[in-house]
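Let me begin by presenting the structure, written as structure tokens, before commenting on it.
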Amino acid sequence: MAEPPRVALLVTCLVDLFRPSVGFAAVALLEEAGCIVEAPRAQTCCGQPAYNSGDRADAKAIARQVIAAFAGYDYVVVPSGSCAGMVRVHYPELFADEEPAELARAEALAARTHELVSFLVDVRGMTEVAARWDRSATYHDACSGLRELGVKAQPRLLLASVAGLSLTELPGAELCCGFGGTFCVKYPEISDKMVGDKAVDIAATGAATVLAGDLGCLLNIAGKLSRLGIRVEARHVAEVLAGMTDTPAIGVPAA
Amino acid sequence: MDATSHAFPANARAGLADPTLQRALGLARTGFPARRQQAIERLPEFEELREEGRAIKDHTLAHLDFYLELYERNVIASGGQVHWARNAAEAREAVLGICRAVGARIVTKGKSMVAEEIALNDHLEANGITPVETDLGEYIIQLRHEPPSHIIAPAIHLMKEQVADAFRAAHTELDPGRPLDDPRALCDEARTILRPHFLAADVGITGANFLIAETGSSIIVTNEGNGDLTQTLPRVHIVVTSLEKIVPTLEDAATLLRLLARSATGQEFSSYTTVSTGPRRPGDLDGPEQYHVVLLDNGRTDLLGGEFQDMLRCLRCAACLNHCPVYAAVGGHAYGWVYPGPMGAVLTPALVGLHEAGHLPNASTFCGRCESVCPVKIPLPRMMRHWRAREFAQALSPPTYRWGLRLWAMLATRPALYHAFAEIAGRALGWAGRGRGRFRFLPFAAGWTQVRDLPAPEGRSFHSLWAERQRSGGKR
Ligand code: SF4
């Protein structure tokens, strides 16, 4: 058998601060897929807030730190399509005007970096998980994962193998939920319209849970569902795939 | 038209609070994307066609001077004239000059976004010439004295009841009791009113979807046929357009037309595609005596060779508007100038200045749907990001926002401090939110909690839990 790959988990700042459970679910899934997992402590954030706000200098400083922290691993795996897209798609763009050696390091990291669920399926060849969850759910395709990384079929494939889970397709699953990083606080009324429409679409499926692969979108969606008094819980897809659904859902107090 | 793009947030709030607008946008939101999707599914080579379209435009832009000169030579050879206009004022004067030379009093107009860009109607009116819009949507908004809210469906923000009201107010010579509930009745009435104008007009003004260098021709596409009447009946035809509409050959235009109709309305081809080459020749059955092209630059050539050059590929198909969730929420008027939606968010700062239009490239979640449908693959989000970088570099963004970012970046580049902060913040917020699991209001996150709850953190940071797990040598 081949050596198990050494995988570094890029935790993301939102998972670190808001929902460590997602990080541990990712670790469990990666171990299930035969990887040795580490979480380098020199990591903080991927730099996306600075990059998307036009602050190239700070974005570069943070990206340099990420590139150094994650050097030497076989893969870097991220439980977020948005942060994975930042490294995979945007780091090479960010360093396009820098020294060739630095650009090459950014490109090398980009090539080894994957969003969690697509890594499990496309790189590790996973086709099923061992989890069981007797529940109905629907799935929202977060934008960056979908359009920058082509994450669409992979979560559906693995969710189909969760015993007891019935998955209903969400109409407009590919429409943005209105999170957009700093967008949601800079233009709260527009964001509200988008996430309000999303909440109504979710409620219309009749599912008990909404799943997605990005915690930013999930915090936004969960927050709107609860503000509207819609009783649908929100979870990161990794929690369900790892069978770690005993924790309270996002925004639900511990019993 | 004076830009109100600086007031985008207020404009957007007004749009969100307007129930009629929201009903109209609700219809457009699903209609256009569904029709485009069906049209594309019927054309398996659509993706290759997009690549081809992009290549045609890129090639033309790389040799723009060559093709423009060739075009001008061929316009002259076919008996027409080209008027180069560096800016809006020069373009307005050129049009006015032509109208005055023939003593024009009534001018009919086909739909032209460039005419909107140079605010042509106001200028003609101020000089005693009556412009009559002949595209139904343009005619409606002309009656209502408002700008278009969409680049191919200018009156998309209106419901048919509002159109009926506008017609009743304007067409006072007709029976006030006539029924106008049916869209058909509205069309018929517009047709009846417009017909005498077509015949009376001294000058017809149209835009152009494409200019053909090899023949000196201009092409317009319409679904109403109004463009044909506008350009063939009067004695003088003026094409008001901008220089990036140029393509080398008719063949190239044919490729782009296949992309355009599918991306715009989901049609295989627009109902009318009209090629005009010069004025009427001896033996022609119809056509104008004079053929003029007013060719506007207005800052476009400044984009060549820079990070916004790709924007000059734009075909004005409106697919990016039709698929934009922000446009669908606020409508086109919120953008405060001629070009709304994602293409406007990139183009408007270039044409009216970042100072005026800085909000537009910021008001995007970068969901990427615009780029994914653009027939010529314009990387719209990337260019909006370029504008944000310029804004940041020129210190145009709000100071509190800039300082917040700097603070975050300082923390993010000091991992030890960062981890201490995450653990403390996680514990504090987790503790404060332990009762309900969420916050209905948080003072430093008011933009968030204004419209939705903030889920409380679980209470510990991942990294501190991970460190504990490592120390205990295994599972949590
Ligand atoms: S940017 Fe692309 S999608 Fe938008 S109007 Fe132009 S060609 Fe169409």
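All heavy atoms count here, side chains included; hydrogens, waters and symmetry mates do not. The chains referred to below are lettered A, B, ... by the order of the sequence lines, with proteins before strands, and numbering in each begins at 1.
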### Message
Can you confirm whether more than 12 heavy atoms, excluding those of B/R406, are under 6.0 Å from its CZ atom?
### Response
no

For the candidates [options], which exhibits the highest count of non-hydrogen atom pairs separated by less than 4.5 Å from chain B?
options                       : answer
A/A50, A/A222, A/C184, A/P248 : A/C184
A/L17, A/V22, A/V66, A/N52    : A/N52
A/C13, A/P253, A/G180         : A/P253
A/E174, A/K224, A/R64         : A/K224

### Message
Check A/R88 with A/E148, please: is the shortest side-chain N to carboxylate O separation under 4.0 Å?
### Response
no

Need one label for [X]: side chain, backbone, both or neither, based on atoms under 4.5 Å from any heavy atom in chain B.
X      : answer
A/V252 : backbone
A/D197 : side chain
A/R147 : side chain
A/E189 : both
A/L175 : side chain
A/F18  : both
A/L215 : neither

Does any donor atom in the side chain of [X] or [Y] lie under 3.5 Å from an acceptor atom in the other side chain?
X      : Y      : result
A/T247 : B/E458 : no
A/H90  : A/Q48  : no
A/S53  : B/Y401 : yes

Taking [Y]'s backbone N and O only, do any of them form a donor-acceptor pair with [X]'s side chain (distance below 3.5 Å, no angle check)?
X      : Y      : answer
B/T348 : B/A345 : no
B/N11  : B/T4   : yes
A/Q65  : B/A412 : yes
B/S5   : B/Y335 : yes

### Query
Are there residues of residues 324-332 of chain B that reach to under 4.5 Å of chain A by heavy atoms, and which ones?
B/P325, B/V326, B/A329, B/V330

Partner chain A: residue of [options] with the largest heavy-atom pair count (under 4.5 Å):
options                        : value
B/A409, B/S397, B/A393, B/S461 : B/S461
B/R369, B/Q450, B/E391, B/M384 : B/R369
B/A12, B/A363, B/A17, B/P9     : B/A363
B/R388, B/R452, B/E423, B/R13  : B/R452
B/R382, B/R402, B/E371         : B/R382

Using non-hydrogen atoms only, which part of [X] is less than 4.5 Å away from chain A: side chain, backbone, both, or neither?
X      : value
B/H323 : neither
B/S364 : backbone
B/R427 : neither
B/S372 : side chain
B/A334 : neither
B/F421 : neither
B/W387 : neither
B/Q22  : side chain

Measure the [atom1]-[atom2] distance between [X] and [Y] for me, rounded to the nearest 0.5 Å.
X      : Y      : atom1 : atom2 : value
A/D214 : A/D141 : CG    : CG    : 11.0 Å
A/L218 : A/H236 : CG    : NE2   : 6.5 Å
B/F366 : A/S144 : CZ    : OG    : 10.0 Å

### Task
Can you label the angle between the B/F462 ring and the A/F24 ring as parallel, tilted or perpendicular, going by 30° and 60°?
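Aromatic pair B/F462/A/F24 classed tilted.
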
### Query
Is there side-chain contact between B/S149 and B/P340, with heavy atoms separated by less than 4.5 Å?
no

#### Entry: Face-on cation placement of B/R35 at B/F32 ring, 6.0 Å and 45° thresholds
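The answer is yes, since B/R35 meets both limits relative to B/F32.
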
### Query
Centre of B/F392's six-membered ring, under 6.0 Å away, within 45 degrees of the axis: is that where NZ or CZ of A/R56 sits?
no

Please tabulate, one pair per line, all N/O donor-acceptor pairs under 3.5 Å involving side-chain atoms of residues 429-443 of chain B, not counting sequence neighbours.
unit_1	atom_1	unit_2	atom_2	d
B/R434	NH1	B/W431	O	2.6
B/R438	NE	A/S226	OG	3.4
B/R438	NE	B/D453	OD2	3.0

### Query
Of the options A/E98, A/E102, A/E93, which is the one that meets A/K60 in a salt bridge (charged side-chain N to carboxylate O under 4.0 Å, His left out)?
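The residue from A/E98, A/E102, A/E93 that satisfies salt bridge (charged side-chain N to carboxylate O under 4.0 Å, His left out) with A/K60 turns out to be A/E98.
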
